[in-house]
Structure formats: structure tokens, C-alpha cells
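Written below as C-alpha cells is the structure these notes are about.
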Amino acid sequence: MKIALVGIGKIALDQHVPALNASPDWDLAATVSRNGTVDGVEAFTDIDAMLEARPDIPVVSLCLPPVPRFEAAQAVLRAGRHLMLEKPPGATLAEVHALCDLAERQGVTIYATWHSRMAMAVAAARDWLAGKTVHEGRITWREDVRKWHPGQDWIFEAGGMGVFDPGINALSILTAILPQPVRLLSADLDFPANRQAPIAARLQFSQGIGADFDFRQEGPQTWDMEFQTDAGQMALRMGGNRLEIDGRHVQGADDIMGEYPALYARMAKLVGEGKSDADLAPMVLVADAFTLGRRNTVADFQF
């Protein structure tokens with residue numbers, strides 16, 4: 001199936017393009033970007049021009065930052081094409097609900113992806129937790145923004161989400177594996193004095209679960225979550241790729257990342273079945289954090 005990729009930046013080149021090139025389901029037939037291109041693929045700088053020129057492309061994958069994404073997403077759906085959205089699916093919940101409604105009216109697939117849910121050990125963690133009671137939990141999601149988003153000032157602008165850009169990955173796993181839904185109780189958000197989005201956050205959820213997000217960690221990166229239950233301790237490490245039960249490694253590995261190939265396999269299945277998948281639970285928790293969060297001003301941040 002032919003697919004167009006919109007927004008040829010770091011995440012597209014690092015993850016989407018290799019996943020598409022390796023997939024038996026997809027043919028990357030066009031790109032849309034102000035600056036980026038992919039060798040051997042027809043390139044456009046305007047999405048409306050691509051949609052008009054390539055009616056043979058039934059699926060579009062958007063990798064744009066969340067704030068400018070809505071207009072492009074709306075254009076794709078109005079053109080009757082299936083739509084795949086990089087996380088987070090939009091800048092606001094209202095606009096994503098609007099896109100879902102439009103996709104339903106148009107009779108096309110919309111897929112709001114959460115790549116961390118496709119990590120190797122997430123499904124096994126969900127199955128192990130099923131039927132158990134969570135007494136407490138701890139999420140530690142700390143990484144280096146200069147490594148993963150070098151020079152990308154948009155991530156600290158209003159709507160860019162700041163540390164919640166990686167933090168929502170943890171929340172996407174959390175909302176996928178817990179046997180009972182979680183709700184946010186409180187949040188502390190650290191905003192650099194010269195920025196509009198937080199660089200660190202500390203969250204407290206129901207079920208005794210706390211989270212520590214930080215965009216300033218240098219050296220080894222930390223993507224861990226640990227839960228104490230009525231049947232023992234479970235831990236997910238390496239962003240959901242390694243499962244431990246009572247301190248014993250039982251599944252997964254530290255260095256195999258198959259998340260984006262799994263996303264595109266899922267998209268192919270959804271299109272084939274005429275279905276959509278747009279779970280907004282992780283985004284709801286982020287919105288709640290901005291609603292309830294206490295704002296702390298910290299030192300300026302520069303890339």
C-alpha cells in the first residue's frame with residue numbers, strides 16, 4: 001500500500017523511514033516537508049499539493065510537531081485518506097476529538113499511535129498485572145533533551161509539551177498495563193524562566209503511583225517503572241523493553257527496539273479491517289498535569 005510521510009525531521013528519518021523501508025506492507029511513495037527529503041522518493045513542500053497530485057496514495061503518516069499538525073490532519077481526512085499520527089496526536093484534546101469525528105464521517109481510518117506501547121515487554125507486563133492489586137508504583141523517566149531533540153526549540157514553546165514529550169511515553173505504557181484506570185492527584189512542574197513548557201515534572205497518581213520526569217539527565221538515560229502488588233514486584237525497564245518479576249529478568253532485552261515497525265504493521269491491519277484506534281488516555285493525564293500542576297520557575301535553558 002502506498003503511503004506519504006509528512007514532516008521529514010529527526011524522528012521521521014531515525015524511525016519512520018527505516019520502518020517503512022523494511023515493511024512488507026508499505027511503499028513510501030511521497031514526502032511532504034519544508035526542507036527534508038528522502039532519497040528516491042517524490043518530495044513536496046505543501047500537503048495540499050501532494051494530496052491533489054497523488055490521489056493514488058491512500059494513507060498519510062504525520063510526523064509534524066503537535067501545534068501545526070491539525071490543519072494538515074484535517075486536509076488528509078477531508079481528502080478521504082487514512083491518517084496515522086505520531087504521538088502526541090495533537091496539541092489539544094478538543095482538536096483530536098474533532099479529527100476522530102471527521103475520520104468517522106469520512107469513513108476512513110485514524111490511528112493515534114503510542115510507540116512505547118509497542119515495546120517488547122509491555123504486553124507481558126499487562127498480562128502479569130491483570131487481576132492483581134497495585135499497592136504502589138514508581139516511574140522514573142529521565143533523558144537528555146539535547147541528545148533526543150537537538151536545537152528543537154518548538155518542544156519548549158507553548159503546546160510543545162516540554163518534558164511531557166518523553167513523559168507521555170511512560171504514561172502511554174501506564175494506561176495500557178494497569179488493571180484499573182489511574183487518575184492524577186497532583187503535579188509539580190519546573191519551567192525554565194525563558195521557556196513556555198516544563199523541563200521537569202513530578203506527578204502523583206492514584207494507586208500510590210508517583211512519577212519523576214526530567215529532560216536534563218546526561219549520561220545513561222533512565223526509562224523505568226516499578227510496581228509493588230499483592231503478588232510481588234514487577235518492573236519494566238529500558239522504556240518497556242525489559243520485564244522483571246521480583247528482581248528476576250523474565251522477558252525482553254535492552255537493545256532491541258521494534259516499536260515503529262509494529263506501529264506500521266498495526267496501521268496496515270486497521271486499514272485492512274476498516275477500523276480506527278485513538279486512545280487518548282495518556283494525553284488526558286498530561287492535560288490534567290497542566291491543569292493541576294504547581295508551577296516552579298527554574299534556571300534558563302539553552303540548547
Side-chain angles (χ1 to χ4, degrees), residues 9-11 64-69 86-96 114-116 136-175 178 182-227 235-240 280-303:
K10 189 176 190 306
I11 189 66
L64 299 169
V67 170
R69 192 181 301 163
E86 175 61 83
K87 64 88 190 172
T92 70
L93 287 164
E95 70 181 33
V96 184
W114 302 106
H115 68 81
S116 289
E136 61 181 8
R138 182 65 179 169
I139 301 169
T140 306
W141 223 257
R142 301 170 67 93
E143 63 180 57
D144 185 354
V145 65
R146 292 184 176 92
K147 175 179 179 179
W148 302 104
H149 299 277
Q152 295 180 18
D153 287 305
W154 65 263
I155 208 163
F156 285 115
E157 294 174 358
M161 296 182 66
V163 75
F164 285 101
D165 180 83
I168 204 170
N169 296 335
L171 300 180
S172 73
I173 295 175
L174 183 70
T175 52
L178 287 181
V182 72
R183 65 186 180 91
L184 184 75
L185 302 179
S186 65
D188 283 282
L189 312 178
D190 295 345
F191 286 74
N194 63 332
R195 301 287 181 171
Q196 296 298 316
I199 199 167
R202 292 160 300 283
L203 313 175
Q204 189 62 46
F205 299 97
S206 57
Q207 304 180 50
I209 298 170
D212 173 23
F213 299 160
D214 203 309
F215 236 166
R216 299 167 295 192
Q217 177 151 309
E218 300 178 359
Q221 310 286 275
T222 306
W223 303 294
D224 291 346
M225 51 182 66
E226 302 171 338
F227 302 92
L236 273 174
R237 306 199 187 280
M238 296 302 297
L280 300 184
M283 197 171 173
V284 168
L285 293 178
V286 172
D288 288 350
F290 279 99
T291 299
L292 289 178
R294 291 181 292 269
R295 179 182 179 122
N296 307 304
T297 302
V298 298
D300 286 3
F301 174 82
Q302 304 291 349
F303 280 101

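Two residues are said to be in side-chain contact when any heavy atoms from C-beta on lie closer than 4.5 Å; K87 and I168 meet this criterion. Side-chain contact between F213 and D190: absent, with no pair of heavy atoms (C-beta onward) separated by less than 4.5 Å. Residues L178 and I209 form a side-chain contact, since some pair of their non-hydrogen atoms from C-beta on lies under 4.5 Å apart. Residues F215 and E143 have side chains in contact (heavy-atom distance under 4.5 Å, counting atoms from C-beta outward). By the 4.5 Å heavy-atom criterion applied to side chains, L189 and R295 are not counted as neighbours.
Shortest non-hydrogen contact noted between A197 and M161 is CB-C, 4.0 Å. The two atoms that bring P88 and D165 nearest to each other are CD-OD1, 4.4 Å, heavy atoms only. S172 approaches W114 most closely through the heavy-atom pair CB-CB, 3.8 Å. Between R69 and G90 the shortest heavy-atom distance is NH1-N, 3.9 Å. The minimum heavy-atom distance linking Q196 with F191 is given by the pair O-CE2, 3.5 Å. Contact detail for P198 and F156: the closest heavy-atom pair is O-CE2, 3.8 Å.
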Assess the residue pair F227 and L174 against the criterion (side chain to side chain contact (heavy atoms under 4.5 Å, CB included)); give the C-alpha distance rounded to whole Å, side-chain angles, the decisive distance to 0.1 Å, and a yes or no.
CA-CA 11 Å; F227 302 92; L174 183 70; 3.8 Å; yes

Verify side chain to side chain contact (heavy atoms under 4.5 Å, CB included) between R202 and N296, making sure each step is shown before the conclusion.
CA-CA 11 Å; R202 292 160 300 283; N296 307 304; 3.6 Å; yes

Would E226 and R237 count as a side chain to side chain contact (heavy atoms under 4.5 Å, CB included) here? Give the steps.
CA-CA 8 Å; E226 302 171 338; R237 306 199 187 280; 2.8 Å; yes

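Taking CD1 from I139 and CG from D212, the interatomic distance works out to 10.0 Å, rounded to the nearest 0.5 Å. With values rounded to the nearest 0.5 angstrom, T140 atom OG1 is found 13.0 Å from Q221 atom CD.
A salt bridge is absent between D224 and R138: the closest approach of a Lys/Arg side-chain nitrogen to an acidic carboxylate oxygen does not fall below 4.0 angstrom. Using a 4.0 Å cut-off between charged nitrogen and carboxylate oxygen, R294 and D188 count as a salt-bridge pair. Using a cut-off of 4.0 Å between Lys/Arg side-chain N and Asp/Glu carboxylate O, D300 and R195 are scored as not salt-bridged.
No donor-acceptor pair under 3.5 Å is formed between the side chain of R216 and the backbone N or O of V145. Side chain of K147 to backbone of G219: no donor-acceptor contact under 3.5 angstrom is found. Put simply, the side chain of W141 gets close to the backbone of P166: a donor and an acceptor are under 3.5 Å apart.
For R183, there are no salt bridge (Lys or Arg N to Asp or Glu O under 4.0 Å) partners, not counting sequence neighbours. Residues passing the salt bridge (Lys or Arg N to Asp or Glu O under 4.0 Å) test with D144: none are found, sequence neighbours excluded. Listed by chain and number, the residues in a side-chain contact (heavy atoms from CB on, under 4.5 Å) with A299 amount to none (sequence neighbours excluded). Under the rule for a side chain to side chain donor-acceptor pair (under 3.5 Å), E95 has no partner lying at least two apart in sequence or in another chain. By the side chain to side chain donor-acceptor pair (under 3.5 Å) test, Q217 is found to be paired with R142, T222, residues two or more places apart in sequence or in another chain being considered.
The aromatic rings of W154 and H149 stand perpendicular to each other, their planes meeting at an angle above 60°, with 30° marking the opposite boundary.
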Can I get a per-line list of side-chain donor-acceptor pairs under 3.5 Å for residues 280-293, giving both atom names and the distance, sequence neighbours left out?
{"from": "T291", "atom 1": "OG1", "to": "A287", "atom 2": "O", "distance (Å)": "2.9"}

